[in-house]
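Here is the structure we will look at.
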Protein chains: 2
Amino acid sequence: MQTISREDYLKAILKIEEEAGSVSNQALVEKLNTRPASVTNMLHTLAAAGWVEHEAYKGVCLTDSGKDIALSTLRKHRLWEVFLVDKLNFSWDEVHQWAEDLEHVGDEELTNRLDAFLGHPAFDPHGDPIPTAQGQWSDGRNLIPASKTVEGDRIQLKGVVDSGESYLKHLDGLKIELGLILVVSKSLDFDESKILIWPDGSEASLSKQTLQNMLVEKLSRKGKE
Amino acid sequence: MQTISREDYLKAILKIEEEAGSVSNQALVEKLNTRPASVTNMLHTLAAAGWVEHEAYKGVCLTDSGKDIALSTLRKHRLWEVFLVDKLNFSWDEVHQWAEDLEHVGDEELTNRLDAFLGHPAFDPHGDPIPTAQGQWSDGRNLIPASKTVEGDRIQLKGVVDSGESYLKHLDGLKIELGLILVVSKSLDFDESKILIWPDGSEASLSKQTLQNMLVEKLSRKGKE
DNA sequence: AGCTTTTTTTAGCCTTGCCTAAAATAATTT
DNA sequence: AAATTATTTTAGGCAAGGCTAAAAAAAGCT
Ligand SMILES: [Mn+2]
Ligand SMILES: [Mn+2]
Ligand SMILES: [Mn+2]
Ligand SMILES: [Mn+2]
């Protein structure tokens, strides 16, 4: 039977699988901010339910049914985030905490109605793709970290690597939001920082770390669009 | 610290206080569908938190802080019900189960934004008043059960006594919904049933039990409005 | 008043999910 | 290869919130 904690674990396993290929207990300890013994314990529960395959000391991976639950939970999380930003006017750095609760409410029917109400959004407020009702969530886009751009590039912010509150607030402070178009004015070799130009003509220097976490799309270099 | 279960108990105590004056353990057993020992247990927890006053074998009542929590939870419950009906197009008999979960999500800020988004509704989909952010929820209306109407009365359905799924579905089947205006065509003494006339001219007979659970407002007897 | 029934509490147990500490295993160094 | 370090598991607890069964108290009856 699904519980809040079990759904959170499955979602965490899914994300670690995506970004690291294999899932160690240690990775779950960090992602879920818990203790190794708790992880081992929960993996036994999840394995008994048939949602993961787990061999002691070897690691864990999702089964098909486990992946279904994880994707459905992730879908709900991201749809609720869209709701909170689009309808309740929260900013992108405030919504994760509530979505972490809301994702455990409702069934497929409710989720699909929410999806329709929101206009079937493809991405959440952090630029992350929203799995479909059928569990598809191939991204399609080819995003690169802003740190890999060169002078003269026109880029549009489409996502973030780190969607933690502190990084998002940092971007807020720089007047950087999803969809913003910037031009790379200068690349400083020395500390890998770059000077960017805002649409209003203002300029600012962004650190390597800030740039690495910005996922951007390269636009044609001159077009007005 | 607040938990889902504690909020549910406080809300149940509030409602029983309203409708019965005093709150027995037995009443909580029935309202929350649990066992007497569980109630005693939780009342100790709530008393220790300072949310209720409880004397063994004497009963329980809310403290000011307990009432605050109960009202806030009830407010959230009813606002989410409005959301589900008005925005996601659920029917009034489907929303309670989800509101029972949603009421435990979010803080005051989120609730107030939801309230604003919904246009500060005064009543939920079952006609129950929604407490304000300041914890006011005096009804103001003077509703009577439809069983107390007489031939010739023009009445408008404004609420229900029993908002359980089966009764609401029963009303659905009769094409009776909140706001509907009916005229009392005949009162049958023998079984206390009545024949009602719908706006489209159709008629139907409603049983005493059905009528007792309909809360209506008497309208002027001839006006078009 | 004395007996019976209902209500409430106590006692004891269970499940979920978390924890620490210690033991076992795997991975890295030297 | 042996020693050290890191990871994972086991063992043993704990808190919340359920449960049943039995005891205690209150209420209702004769
Ligand atoms: Mn969560
Ligand atoms: Mn997100
Ligand atoms: Mn609830
Ligand atoms: Mn309601």
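Quick caveat: nothing in here was measured; it's all calculated off a predicted structure. Order of the sequence lines fixes the chain letters, A, B, ..., with proteins taken first and strands second; residue numbering starts at 1 for each chain.
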Measure from the side chain of [X], starting at C-beta and using heavy atoms only, and say which of [options] lies closest.
X	options	value
B/N25	D/dG17, C/dT9, C/dG17	C/dT9
A/Y9	C/dC18, C/dG17, D/dT9	C/dC18
B/R6	D/dG17, C/dT7, C/dG17	D/dG17
A/R35	D/dG17, D/dT9, C/dC19	C/dC19
A/T40	D/dG17, C/dG17, D/dT10	D/dT10
B/H54	C/dT9, D/dT9, D/dT20	C/dT9
B/P36	C/dT9, D/dG17, C/dT7	C/dT9
A/A37	C/dC18, C/dA21, C/dT8	C/dA21

Please tell me if [X] has a side-chain N or O lying less than 4.0 Å from either OP1 or OP2 of [N].
X	N	result
B/S38	D/dC19	yes
B/T34	D/dC19	yes
A/S5	C/dT16	no
A/N41	D/dT9	no
B/T3	D/dG17	yes

Salt bridge flag under 4.0 Å for residues [X] and [Y]:
X	Y	answer
B/E17	B/K67	no
A/E108	A/R75	no
B/E19	B/K15	no

Figure out the [atom1]/[atom2] separation between [X] and [N], and round it to whole Å.
X	N	atom1	atom2	answer
B/E30	C/dT6	CD	P	13 Å
B/E55	C/dT9	CD	P	11 Å
A/L32	C/dG17	CG	P	13 Å
A/M1	C/dT16	CE	C1'	9 Å
B/Q26	D/dG28	CD	P	14 Å
A/Q2	C/dG17	CD	P	12 Å
B/K58	D/dA24	NZ	C1'	14 Å
A/L28	C/dC18	CG	P	12 Å

Report task. Test A/W92 against A/D124 for side chain to side chain donor-acceptor pair (under 3.5 Å), laying out the working first. Result -> CA-CA 9 Å; A/W92 66 347; A/D124 84 357; over 6 Å; no

Query raised in the report: In terms of the angle between their ring planes, are A/F83 and B/F117 parallel, tilted or perpendicular, with boundaries placed at 30° and 60°?
Result: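 A/F83 vs B/F117 ring planes: perpendicular.
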
**Report entry** 5'-most by nearest nucleotide on DNA chain C - B/L43 or A/M42
**Finding:**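 This one resolves to B/L43.
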
Table please: side-chain donor-acceptor pairs of residues 52-62 of chain B below 3.5 Å, with sequence neighbours left out.
none

